[in-house]
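Numbering starts at 1 and runs along the sequence shown.
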Amino acid sequence: MPFADALAVLPAGTFAVLAGVLGLLVGSFLNVVIHRLPRMMQAQWVAQAAEIEGREPEPQAPYNLIRPPSRCPGCAAPIGPLQNIPIVSWLALRGRCAACGIAISPRYPLVEALTGILSAWVAARLGWTPAGAGALLLVWFLVALAFIDADTTLLPDSMTLPLLWIGLLLNLGGTYAPLADAVIGACAGYLVLWLVYWGFKLATGREGMGYGDFKLLGALGAWLGWKMLLPIVLLSSVAGAVIGIALIALARRGRQVPIPFGPYLAIAGFLTLLYGRDLLALIGTV
């Protein structure tokens with residue numbers, strides 16, 4: 001029996017568990033993406049600046065998502081396969097490096113657990129279908145983008161633009177929305193936040209968000225269609241306002257400190273992916 005057919009006959013609960021385990025493994029890789037991709041971008045900008053100035057870029061050791069192998073940031077001890085088991089290794093090591101004892105951030109198992117839970121949630125909701133398989137990919141992108149933006153206030157083009165094109169390709173067959181709705185969604189998603197950006201800038205003289213936010217909403221529009229932009233914008237705005245006020249009040253965060261909008265778009269995109277029609281119906285009754 002072909003592998004795809006074997007998955008199709010699995011009980012929904014079994015497929016959700018398998019997707020959750022796969023999500024844990026993907027989450028481990030996403031930790032690498034979240035940590036390294038901004039540094040790779042920084043190195044690229046430095047090299048480009050040197051080229052513009054007519055200088056020879058300084059030689060750098062290979063640094064990408066694969067090389068060098070993962071090492072402890074404190075003592076540079078290599079992290080072996082048994083120390084890379086999602087969540088389990090962190091718990092077994094009690095959150096510390098086996099070689100030097102330096103603390104390992106609890107965010108690593110958090111990203112793994114979050115990716116596993118969201119993957120299982122998607123699988124339970126959509127099952128082993130083209131929509132379910134594509135949704136897993138979208139969720140993994142959103143997890144990485146949310147954490148990168150939270151860390152750096154950057155949403156890399158190397159992730160948002162491929163995400164947009166993948167959404168349009170999947171909708172060639174109407175996986176999530178008719179292709180026309182997806183194309184309009186991509187354009188309208190970008191344009192909506194572009195207009196908000198310029199309206200805020202003209203009114204205050206300050207930038208309220210970055211261009212990466214426009215591209216992420218455009219990508220979500222390409223996946224889910226223009227009709228789903230309203231719940232995405234409403235949910236992300238509410239989440240951003242509530243969490244932003246809480247950060248100002250509880251963490252004494254200054255009002256002038258920028259708050260990344262990407263994580264709220266990611267949350268709203270995930271909820272709309274799974275419950276978009278229900279959200280539209282709810283909005284229509286308000």
Side-chain angles (χ1 to χ4, degrees), residues 1-30 33 111-112 114-146 155 157-190 215-233 235-236 262 265-281:
M1 178 183 295
F3 181 68
D5 293 340
L7 285 176
V9 300
L10 286 176
T14 303
F15 178 58
V17 170
L18 290 176
V21 172
L22 176 61
L24 291 174
L25 298 173
V26 172
S28 182
F29 176 69
L30 293 184
V33 175
V111 170
E112 293 164 352
L114 178 64
T115 309
I117 291 168
L118 296 182
S119 298
W121 191 346
V122 164
R125 179 76 176 174
L126 299 179
W128 179 246
T129 62
L136 288 175
L137 183 63
L138 175 58
V139 165
W140 298 339
F141 266 82
L142 290 178
V143 170
L145 285 166
L155 288 168
D157 286 353
S158 58
M159 295 189 70
T160 56
L161 296 183
L163 191 62
L164 186 151
W165 292 113
I166 292 170
L168 291 177
L169 287 172
L170 286 173
N171 281 324
L172 284 173
T175 302
Y176 302 98
L179 181 59
D181 286 8
V183 173
I184 296 171
C187 298
Y190 186 95
K215 296 167 189 174
L216 179 54
L217 185 57
L220 291 171
W223 278 74
L224 305 178
W226 67 268
K227 295 178 183 178
M228 296 302 171
L229 291 175
L230 179 58
I232 292 173
V233 171
L235 284 174
S236 58
L265 284 173
I267 293 170
F270 172 78
L271 293 175
T272 305
L273 168 70
L274 298 186
Y275 305 103
R277 296 186 185 278
D278 298 333
L279 291 169
L280 279 177

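Of all the heavy atoms in Ala19 and Ser119, the pair that sits closest is O-CB, 3.4 Å. Nearest heavy atoms, Leu30 versus Ala144: CD2-CB, 4.1 Å. Nearest heavy-atom pair, Leu229 versus Gly185, reported as atom, atom and distance to 0.1 Å: CD1-O, 3.8 Å. The shortest non-hydrogen separation linking Ala16 to Ala123 is CA-CB, 3.7 Å. Closest non-hydrogen pair, Ala266 versus Ala146, comes out as CB-CB, 4.0 Å.
You'll find the side chain of Val139 stays beyond 4.5 Å of the side chain of Thr115, heavy atoms only. Two residues are said to be in side-chain contact when any heavy atoms from C-beta on lie closer than 4.5 Å; Ile232 and Leu271 fail this criterion. In this structure, Lys215 and Leu164 have side chains that are not in contact, with every pair of non-hydrogen atoms separated by 4.5 Å or more. For the pair Leu224 and Thr272, the minimum side-chain heavy-atom distance is below 4.5 Å.
Tyr176 places a side-chain N or O within donor-acceptor distance of the main-chain N or O of Ala131, the cut-off being under 3.5 Å. Side chain of Asp181 to main chain of Lys227: no donor-acceptor pair is present (N/O by atom type, distance under 3.5 Å, no hydrogens or angles). Of the possible donor and acceptor atoms, none in the side chain of Asn171 sits under 3.5 Å from a partner among the backbone N and O of Leu179. Judged by distance alone, with hydrogens and angles left aside, the side-chain atoms of Thr129 form a donor-acceptor pair with the main-chain N or O of Leu126 at under 3.5 Å. No side-chain donor-acceptor contact under 3.5 Å links Ser28 to the backbone of Leu25.
Listed by chain and number, the residues in a salt bridge (Lys or Arg N to Asp or Glu O under 4.0 Å) with Arg277 amount to none (sequence neighbours excluded).
For Trp140, the CH2 atom counts as densely surrounded, since its 6.0 Å shell holds more than 12 non-hydrogen atoms of other residues, nucleotides or ligands.
Checked by atom type, the side-chain pair Trp223/Thr175 shows no donor-acceptor distance below 3.5 Å.
Aromatic ring orientation, Trp128 versus Phe15: perpendicular (interplanar angle above 60°, classes split at 30° and 60°).
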